[in-house]
Visitor: 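Provided herewith is a single structure, encoded as structure tokens, for subsequent inquiry.
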Amino acid sequence: MTPGDVTRFCFRAMTGYPLRTSLMLLAMAIGVAAVVLLTALGEGARRYVAQQFTSLGTHLLIVLPGRSETVGGPPPLMGETPRDLTVDDAMALVRSSAIRRVAPIMVGSAPVSRSGRSRDVIVMGSTASLYRVRNLAMARGRFLPDGEVDRADAVVVLGHTLKNELFGNEPAVGGFVRIGQRRFRVIGELARQGESLGLDMGDIAIIPVASAQALYNRASLFRILVQASGREAVARAEQAILDIIRERHDGEDDVTVITQDAMLATFDRIFQALTLAVAGIAGISLAVAGILIMNVMLIAVSQRTGEIGLLKAVGAPGGQILRLFLAEAAMLSILGAAAGLLLAAAGQLGLSRLFPDFPVAVPVWAPIAAVGVAIGTGLLFGVLPARRAARMDPVAALSRR
Amino acid sequence: MIHLEVIERVFQVGDEWVHALRQVSLHVARGEYLSIMGPSGSGKSTLLNIIGLLDRPDKGSYRLEDRDITDLSDRQQAALRRHKIGFIFQFFHLIPRLTAAENVELPLTLAGIVPAERKQRVAVALERLGLADRARHRPDQLSGGQRQRVAIARATIMRPALVLADEPTGNLDRASGQDVIDTIEALNGEGITVVMVTHDPELGRRTRRQVQMMDGRIVQDTGAAHDTR
């Protein structure tokens with residue numbers, strides 16, 4: 001029999017039993033689609049996080065007060081509270097050649113109001129450097145002015161949402177808002193940037209750090225954002241930060257430095273593991289589909305006992321019957337896998353319509369692996385029924401009608 | 001053509017051993033028309049299966065066309081069935097999802113004959129059996145007699161030297177049975193050896209030679225006196 005004859009024969013066998021064939025194709029298709037879609041979701045989540053991190057700025061290091069290292073031994077009895085990070089700490093970091101820019105960050109919540117409309121938002125105190133460090137973009141006006149860090153100018157930059165809430169369609173730049181007890185002049189408006197790391201940059205007001213210190217009546221910083229002078233300088237910058245802060249904090253290592261790359265790498269690992277895990281779970285459904293194929297092929301073999309007997313009588317050797325049934329299992333798997341890929345493509349389209357911000361991305365290996373596993377299980381589980389068919393005694397097979 | 005020497009065949013049914021064939025020797029010459037008769041359980045179907053290489057004897061030797069086939073492998077036996085032997089069954093054994101033409105084509109396909117030649121040979125065979133207008137019908141759209149004629153077309157499409165028929169009319173009404181027998185006799189007229197199992201004495205009387213079986217033995221053979229080579 002030529003391959004064309006085998007294909008035609010198997011195809012007729014498949015169309016001859018439409019219900020069982022379509023059920024089997026459905027099972028295979030669901031398995032393949034599950035693998036592809038779930039890995040697409042995992043990969044999408046990974047890319048989403050990566051994208052979020054890069055939107056933070058490049059070569060970024062974050063300095064947090066306090067040591068996050070866990071050490072053995074009992075906790076200190078006398079409260080060993082870390083020293084606060086101050087604006088002076090932040091400014092001292094600029095000394096290092098590995099560090100290009102430093103942006104001290106102070107964060108609190110305060111009511112921002114204008115002509116009777118009030119809104120509780122995050123009011124962030126920082127400096128002009130934040131603009132570059134955080135990759136911000138302006139819609140109108142300008143960002144905080146360069147100049148002395150300890151000047152408590154009464155100027156504010158508004159996030160996109162906040163501006164709309166307070167000013168509506170009126171121009172905001174040049175107007176005034178009240179934050180706490182002080183009046184601040186609006187000098188700029190941030191471009192719409194969406195959310196980053198859970199902080200909505202639309203619903204925010206940014207004021208000079210000295211003004212924020214006055215507003216919140218405290219000197220300690222929430223964190224310091226540091227931009228290294230280049231990608232290769234990140235490690236040196238990290239060391240420089242630790243050295244400078246230790247020197248300023250009486251020899252105590254009481255800050256934590258997180259590099260963007262380290263965070264990214266960690267999240268990357270987590271999401272890769274996650275993707276593999278969901279792919280594995282989806283793979284189980286493929287194995288189930290494989291067992292289903294075995295089941296249905298076994299039924300097919302006993303259903304078609306007479307046919308097998310006849311094939312033997314007209315001179316088909318056992319090997320040929322084995323190949324016929326294997327080919328049928330393989331064709332079912334291939335068609336099911338193809339249907340699964342179509343289903344996955346449709347699902348992917350649907351997902352990207354529903355969640356346009358979420359980068360649903362199918363990793364290249366996923367469909368290949370899914371189809372490979374589908375065909376593999378189909379063949380593997382097809383062997384047993386095919387062998388049963390090939391070894392059937394023709395006399396017994398023919399005596400059954 | 002067929003030389004069976006002291007064939008034994010034993011089956012195990014439950015705990016019992018059943019002697020289906022005991023010391024059966026049979027010689028059939030080329031072009032003979034022979035019927036094997038006997039009550040059910042007499043071993044006539046087993047004998048036919050052994051002649052058709054669907055079953056192997058436990059003892060004895062079988063030569064087909066001067067070739068000892070007792071020790072042939074599965075593949076070699078399949079090849080012999082493919083090229084030398086055509087089967088006609090009581091229940092036709094047509095593949096229900098295939099059309100009449102495709103059923104007839106099956107042995108040609110298995111033998112690896114090219115499609116163009118297959119189509120042509122199938123068309124000729126169906127035409128000869130008066131089934132040309134039924135070529136695209138599936139078995140369930142055919143009458144019993146038509147189904148058996150499709151099966152005969154399938155059995156003869158490879159131009160075998162030997163046709164084995166197991167109760168070919170057993171499942172047909174009288175008229176279609178007569179039709180089928182006429183067809184089989186026409187095949188024999190072309191020189192094909194026909195061995196037919198039946199328990200219909202009227203049918204048996206039509207054949208030139210009759211073999212009677214009982215309890216696994218040949219009890220009477222009208223042609224045993226023939227000079228068989």
Side-chain angles (χ1 to χ4, degrees), chain A residues 1-22 296 299-325 327-328 331-332 386-401, chain B residues 9 11 20 45-50 52-56 72-99 102-115 118 138-140 151 154-158 160 164 166 171:
Chain A
M1 274 177 109
T2 64
D5 289 333
V6 173
T7 314
R8 229 158 42 91
F9 187 86
C10 295
F11 189 74
R12 293 302 295 266
M14 282 161 58
T15 49
Y17 305 90
L19 184 66
R20 91 172 168 112
T21 302
S22 48
V296 173
I299 294 170
V301 167
S302 56
Q303 240 178 9
R304 279 147 65 182
T305 301
E307 178 184 330
I308 294 162
L310 174 86
L311 284 173
K312 292 204 154 183
V314 296
Q320 192 159 34
I321 289 167
L322 182 91
R323 281 197 296 278
L324 277 178
F325 275 87
E328 194 176 327
M331 273 172 71
L332 280 166
R387 275 171 55 158
R388 176 174 289 193
R391 289 178 179 177
M392 213 170 253
D393 170 29
V395 175
L398 282 167
S399 67
R400 293 236 325 246
R401 290 181 52 199
Chain B
R9 182 73 175 105
F11 293 110
S45 284
T46 306
L47 182 59
L48 195 76
N49 288 333
I50 286 178
L53 304 179
L54 291 176
D55 200 357
R56 286 168 186 262
L72 291 185
S73 72
D74 175 64
R75 286 191 73 82
Q76 290 168 313
Q77 290 207 346
L80 274 179
R81 285 200 296 270
R82 194 153 63 227
H83 295 288
K84 303 275 182 215
I85 304 170
F87 286 94
I88 301 166
F89 305 97
Q90 180 178 3
F91 297 110
F92 325 130
H93 283 298
L94 300 175
I95 296 180
R97 59 175 185 277
L98 301 181
T99 64
E102 286 167 331
N103 267 294
V104 176
E105 193 183 353
L106 198 58
L108 297 174
T109 313
L110 289 170
I113 289 164
V114 294
R118 294 202 308 242
R138 283 203 314 276
D140 56 5
R154 182 182 61 196
T156 54
I157 193 76
M158 290 293 290
L164 303 175
D166 191 351
N171 215 28

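These values consider heavy atoms only, across backbone and side chains, with no hydrogens, waters or symmetry-generated copies. Naming convention: chains lettered A, B, ... in sequence-line order (proteins, then strands); numbering from 1 in each chain.
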Visitor: With a 4.5 Å cut-off on heavy-atom pairs, point out which of A:Arg12, A:Lys312, A:Gln320 contacts chain B the most.
Guide: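 The residue among A:Arg12, A:Lys312, A:Gln320 with the greatest pair count is A:Arg12.
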Visitor: If I compare all heavy atoms of B:Ala78 with all of A:Ala316, which pair ends up nearest, and what's the gap?
Guide: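 Shortest heavy-atom separation between B:Ala78 and A:Ala316 comes out as CB-C, 4.1 Å.
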Visitor: Measure the spacing between CG of A:Leu324 and CG of B:Leu110 and express it to the nearest 0.5 Å.
Guide: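 The CG atom of A:Leu324 sits 7.5 Å away from the CG atom of B:Leu110.
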Visitor: Indicate the atoms forming the closest heavy-atom contact of A:Pro317 with B:Arg82, along with that distance.
Guide: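 For A:Pro317 versus B:Arg82, the nearest heavy atoms are CD-NH1, 3.7 Å.
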Visitor: Give the minimum heavy-atom separation between A:Ala313 and B:Phe89, together with the two atoms involved.
Guide: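 So the two residues come closest at CB-CZ, 3.9 Å.
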Visitor: Can you tell me how far apart CG (B:Asp166) and CG (A:Leu398) are? Round to the nearest 0.5 Å.
Guide: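 Rounded to the nearest 0.5 Å, the CG-CG separation comes out at 9.5 Å.
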Visitor: Are side-chain heavy atoms of A:Leu310 and B:Arg154 found at a separation under 4.5 Å?
Guide: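 Of all side-chain heavy-atom pairs linking B:Arg154 with A:Leu310, at least one is under 4.5 Å.
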Visitor: Does atom CZ (A:Arg388) have a neighbourhood of more than 12 heavy atoms from anything else shown, all under 6.0 Å?
Guide: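 Counting other residues, nucleotides and ligands, CZ of A:Arg388 stays at 12 neighbours or fewer.
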Visitor: Which answer fits B:Arg118, side chain, backbone, both or neither, if we ask what part of it has an atom under 4.5 Å from a heavy atom of chain A?
Guide: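 B:Arg118 touches chain A through side-chain heavy atoms alone.
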Visitor: Supply the atom-to-atom distance A:Phe9 CZ to B:Glu102 CD, rounded to the nearest 0.5 angstrom.
Guide: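 Atom-to-atom, A:Phe9:CZ and B:Glu102:CD are 10.0 Å apart.
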Visitor: Within the 4.5 Å heavy-atom criterion, are A:Thr15 and B:Arg97 side-chain neighbours or not?
Guide: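 No, their side chains stay 4.5 Å or more apart.
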Visitor: Nearest 0.5 Å, please: how far is CZ in A:Arg8 from OG1 in B:Thr109?
Guide: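 One finds 6.5 Å between OG1 of B:Thr109 and CZ of A:Arg8.
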Visitor: Shortest non-hydrogen contact from A:Gly318 to B:Asp74?
Guide: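 Here A:Gly318 and B:Asp74 meet closest at N-OD2, 3.3 Å.
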Visitor: Hey, is CZ on B:Arg75 packed in by over 12 heavy atoms from elsewhere, all under 6.0 Å?
Guide: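 Not more than 12 within 6.0 Å, no.
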Visitor: Taking the side chain as every heavy atom from C-beta outward, state whether A:Leu311 and B:Leu106 have any atom pair closer than 4.5 Å.
Guide: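 Yes, side chains in contact.
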Visitor: Tell me whether the count of non-hydrogen atoms from other residues, nucleotides or ligands lying under 6.0 Å of OH in A:Tyr17 goes above 12.
Guide: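 Yes, OH of A:Tyr17 has more than 12 neighbouring heavy atoms, counting only those of other groups under 6.0 Å.
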Visitor: Check whether B:Leu98 gets within reach of chain A through its side chain, its backbone, both or neither, counting any heavy atom under 4.5 Å.
Guide: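 Both the backbone and the side chain of B:Leu98 come within 4.5 Å of chain A.
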